Amino acid sequence: MPTDNDDHVDRRTVLKYAGTAGAVGLAGCSGNGSDGGDGGNGSDGGDGSDGSDGGDGEDGSDGGDDTFELGVTMGQMDSGLDPQDHAETNTEIIVGQLYEGLLDRDKEGGIIAGLANEWERTDDGSVRFLLRDGLTFHNGDEVTPEDVRYSIRRIVFEDVGIASPQTNDLGSVSEVTTGDGQVTVSFEGYNPIAFQLFATNGPVMQQSWVEENGSDYINRNANGTGPFRLSEYDSGNEVVYEPNEDYWDGAPEVDELTMSASSESSTRVNQLLAEETDIVTNVPPNEVSRVNGSDVATINSVASARIIFLQMRYDVEPFSSQQFRQALNHAVDVESIIENVLNGFGNITGQPTLEGHVGYNPDIDPYPYDPDEAERLVEESGHAGVEITLETPIGRYLRDVDIAQAAASQIDSLSNVSCEVEQREFSSLVQEVTAPNLEDRPHFNLLGWGNAEFDGSQTLTPLLSSEGALTVLENDELDGLLEDAEATEDSDERVDILQEANQLAHDLAPWVFMHQQFSVYGVSSDISWEPRADEFIDPDTATQQ
């Protein structure tokens with residue numbers, strides 16, 4: 001059983017001193033990614049910290065001239081403070097300062113202890129967690145196994161209180177039981193990635209606090225276990241936090257944290273350079289040299305767990321033709337887009353699963369740029385002369401409109417295909433992308449997907465299985481492989497199955513495979529802070545220079 005004993009290295013020390021590993025990772029297109037950065041796979045944390053912010057309680061700050069005030073500016077604010085009633089990254093970043101789950105992740109994406117310091121798989125396939133001693137909510141009340149049970153059930157079962165958009169995030173939970181400081185979670189099947197899911201999802205709330213307060217109150221107040229407490233909440237504008245002096249892993253060094261947002265990337269950069277904030281997300285590539293050339297800030301860019309792709313609905317012409325879909329993959333010069341549009345901030349992809357994630361197939365090469373082969377395949381498909389439209393969100397992903405325009409221009413340059421771009425507000429486009437019925441979804445659109453579980457199934461299943469929540473494909477062979485992957489208890493066999501599924505997805509070409517997105521953060525020179533691999537921003541690991 002993995003344990004986190006009395007000699008453990010505290011969470012922030014783990015996060016600061018974790019080495020780079022090339023791991024990459026959010027769940028979802030509608031969030032877990034928006035401007036919260038695209039995650040960080042590298043953090044050597046050699047930032048002058050000596051662990052003084054760890055320990056238990058006092059962080060060494062005397063609140064005098066050395067008061068550490070930290071500002072974070074993202075692209076969007078939250079949709080409310082209920083940690084179990086959202087499905088987007090910007091909200092997760094804001095509420096994640098206040099609430100925690102049973103397990104956590106380090107900056108590379110590795111699973112580490114959270115509210116539970118021991119965890120194991122039982123003989124019947126259930127998973128069991130042992131809560132660490134002395135846990136309290138921000139109101140001072142003890143955290144109990146019953147609170148954890150209630151929290152899991154509130155997420156999974158609609159009759160507990162809300163219809164949570166996170167209902168699938170913990171797997172097919174069938175039962176939650178407690179006893180002797182432990183919580184046992186059983187599933188309808190084996191759930192081979194149970195611990196990966198609990199390391200990313202499942203924020204714990206106090207049952208009595210939730211039951212005593214209405215939805216509006218819960219969305220404007222907080223009572224979690226996290227490293228920060230809520231000081232002020234100005235919905236849609238700003239959230240202010242203070243350190244949780246009773247935090248189980250030691251109070252943060254930050255004395256006051258302010259999180260705000262500006263949808264314009266240039267505004268965020270200007271605020272950083274004016275020293276009005278300390279961390280800004282999604283710095284556009286054309287602003288990188290301005291930030292690095294300043295005396296007050298630097299760029300910290302990291303590969304994320306987010307993939308960018310152009311998805312094609314398999315049930316409508318011309319995208320119903322596999323040859324036509326493959327043709328578009330040959331028509332787009334992804335490497336030139338990475339170089340010329342993204343200034344090198346991206347890695348070309350050729351499969352749904354990113355390198356470093358479970359199930360990645362190293363034998364799959366990206367489609368080569370080959371306009372002649374593209375034109376040949378278009379003729380073979382029987383759709384020569386077709387006119388198509390690529391829909392793209394505006395400002396949702398790093399240089400999304402520019403990427404879409406470049407790809408559409410390259411497709412349009414084929415002699416037998418015409419392609420134009422339609423720009424859409426993300427809030428409108430995502431409603432169609434996530435429509436319950438396939439026939440209501442776009443035919444051809446740019447999309448991004450983050451995978452905070454670092455497991456190929458968490459991209460393949462929702463996006464490409466026949467019953468996936470956002471699927472654009474229906475293929476019995478792929479469905480069978482994904483079902484087999486979730487049924488096996490042999491981890492090596494499961495990797496083999498997922499690799500086969502990735503090869504099939506590559507060949508079926510339901511997407512124009514584009515690139516792995518990078519997070520490009522601007523960071524004040526007054527602080528030391530390294531981003532994470534899962535797109536979460538963790539100000540409690542920041543230190544003053």
Side-chain angles (χ1 to χ4, degrees), residues 20 22 24 33-48 70-76 107 260-308 333-349 392-407 409-410 446 448 514-533 535 537 539 542-545:
T20 58
V24 280
S34 79
D35 252 328
D38 314 292
N41 63 341
S43 167
D44 59 10
D47 51 14
L70 182 70
V72 177
T73 306
M74 304 183 294
Q76 301 174 35
K107 285 183 183 285
S260 59
S262 174
S263 59
E264 292 292 332
S265 58
S266 59
T267 300
R268 296 196 298 275
V269 172
N270 289 337
Q271 290 174 337
L272 177 69
L273 298 183
E275 300 183 82
E276 296 170 356
T277 191
D278 299 289
I279 299 172
V280 300
T281 61
N282 280 359
V283 176
N286 59 304
E287 295 272 32
V288 166
S289 60
R290 185 160 75 102
V291 173
N292 277 334
S294 75
D295 295 328
V296 298
T298 57
I299 291 295
N300 195 333
S301 65
V302 289
S304 79
R306 183 170 298 282
I307 51 174
I308 303 296
D333 188 351
V334 179
E335 290 184 326
S336 75
I337 291 175
I338 291 172
E339 181 64 28
N340 299 315
V341 177
L342 295 172
N343 290 18
F345 291 107
N347 292 323
I348 190 171
T349 60
T392 180
I394 304 170
R396 173 58 184 85
Y397 310 109
L398 188 66
R399 303 298 295 271
D400 45 18
V401 172
D402 301 287
I403 292 167
Q405 289 175 336
S409 175
Q410 291 166 354
L446 183 148
M514 297 294 289
H515 62 282
Q516 173 187 17
Q517 181 172 282
F518 274 49
S519 288
V520 186
Y521 293 93
V523 181
S524 167
S525 300
D526 291 335
I527 70 168
S528 292
W529 173 79
E530 296 289 340
R532 292 165 53 120
E535 300 188 330
I537 297 176
T543 59
Q544 287 180 296
Q545 287 277 50

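Just so it is clear, the model here is predicted, and its values are computed rather than measured.
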Under the salt bridge (charged side-chain N to carboxylate O under 4.0 Å, His left out) test, residues paired with D402 that sit two or more places apart: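 Salt bridge (charged side-chain N to carboxylate O under 4.0 Å, His left out) list for D402, sorted by chain: R399.
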Among residues two or more places apart or on two chains, list those pairs meeting side-chain hydrogen bond (donor to acceptor under 3.5 Å, both in side chains) that have a residue in residues 340-349.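 Listed once each, the pairs are N347-Q516.
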About how many Å separate [atom2] of [Y] and [atom1] of [X], when rounded to the nearest 0.5 Å?
X    : Y    : atom1 : atom2 : value
S263 : R268 : OG    : CZ    : 8.0 Å
M514 : L446 : CE    : CG    : 7.0 Å
S528 : N300 : OG    : CG    : 10.5 Å
S260 : Q271 : OG    : CD    : 6.0 Å

Which residue is it: L398, L342, I307? I am looking for the one with a side-chain contact (heavy atoms from CB on, under 4.5 Å) to Q517.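 Filter result, single survivor: L398.
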Heavy-atom closest contact ([X] atom, [Y] atom, distance):
X    : Y    : result
V291 : L272 : CG1-CD2, 4.2 Å
V283 : Y521 : CG2-C, 4.0 Å
D295 : S525 : O-OG, 4.0 Å
G75  : T281 : N-OG1, 3.8 Å
W529 : P539 : NE1-N, 4.5 Å
I527 : L70  : CD1-CD1, 3.7 Å

Are any of the side-chain heavy atoms of I403 and Y397 separated by less than 4.5 Å?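 With C-beta onward as the side chain, the pair stays apart.
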Evaluate the side-chain proximity of S265 to N282: yes if any heavy-atom separation is below 4.5 Å, no if none is.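 In short, these two side chains do not touch, never coming nearer than 4.5 Å.
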Kindly determine whether Q410 and V334 satisfy side chain to side chain contact (heavy atoms under 4.5 Å, CB included), including the steps that lead there. CA-CA 10 Å; Q410 291 166 354; V334 179; over 6 Å; no
Does the pair V269 and R290 meet the rule for a side chain to side chain contact (heavy atoms under 4.5 Å, CB included), with working shown? CA-CA 9 Å; V269 172; R290 185 160 75 102; 3.4 Å; yes
When you look at R306 and E535, which way does the salt bridge (charged side-chain N to carboxylate O under 4.0 Å, His left out) test go after all the steps? CA-CA 9 Å; R306 183 170 298 282; E535 300 188 330; 3.1 Å; yes
Side-chain donor-acceptor pairs of residues 273-280 under 3.5 Å, sequence neighbours excluded:
unit_1: T277; atom_1: OG1; unit_2: G71; atom_2: O; d: 3.1
unit_1: T277; atom_1: OG1; unit_2: T73; atom_2: OG1; d: 2.9
unit_1: D278; atom_1: OD2; unit_2: G71; atom_2: N; d: 2.8

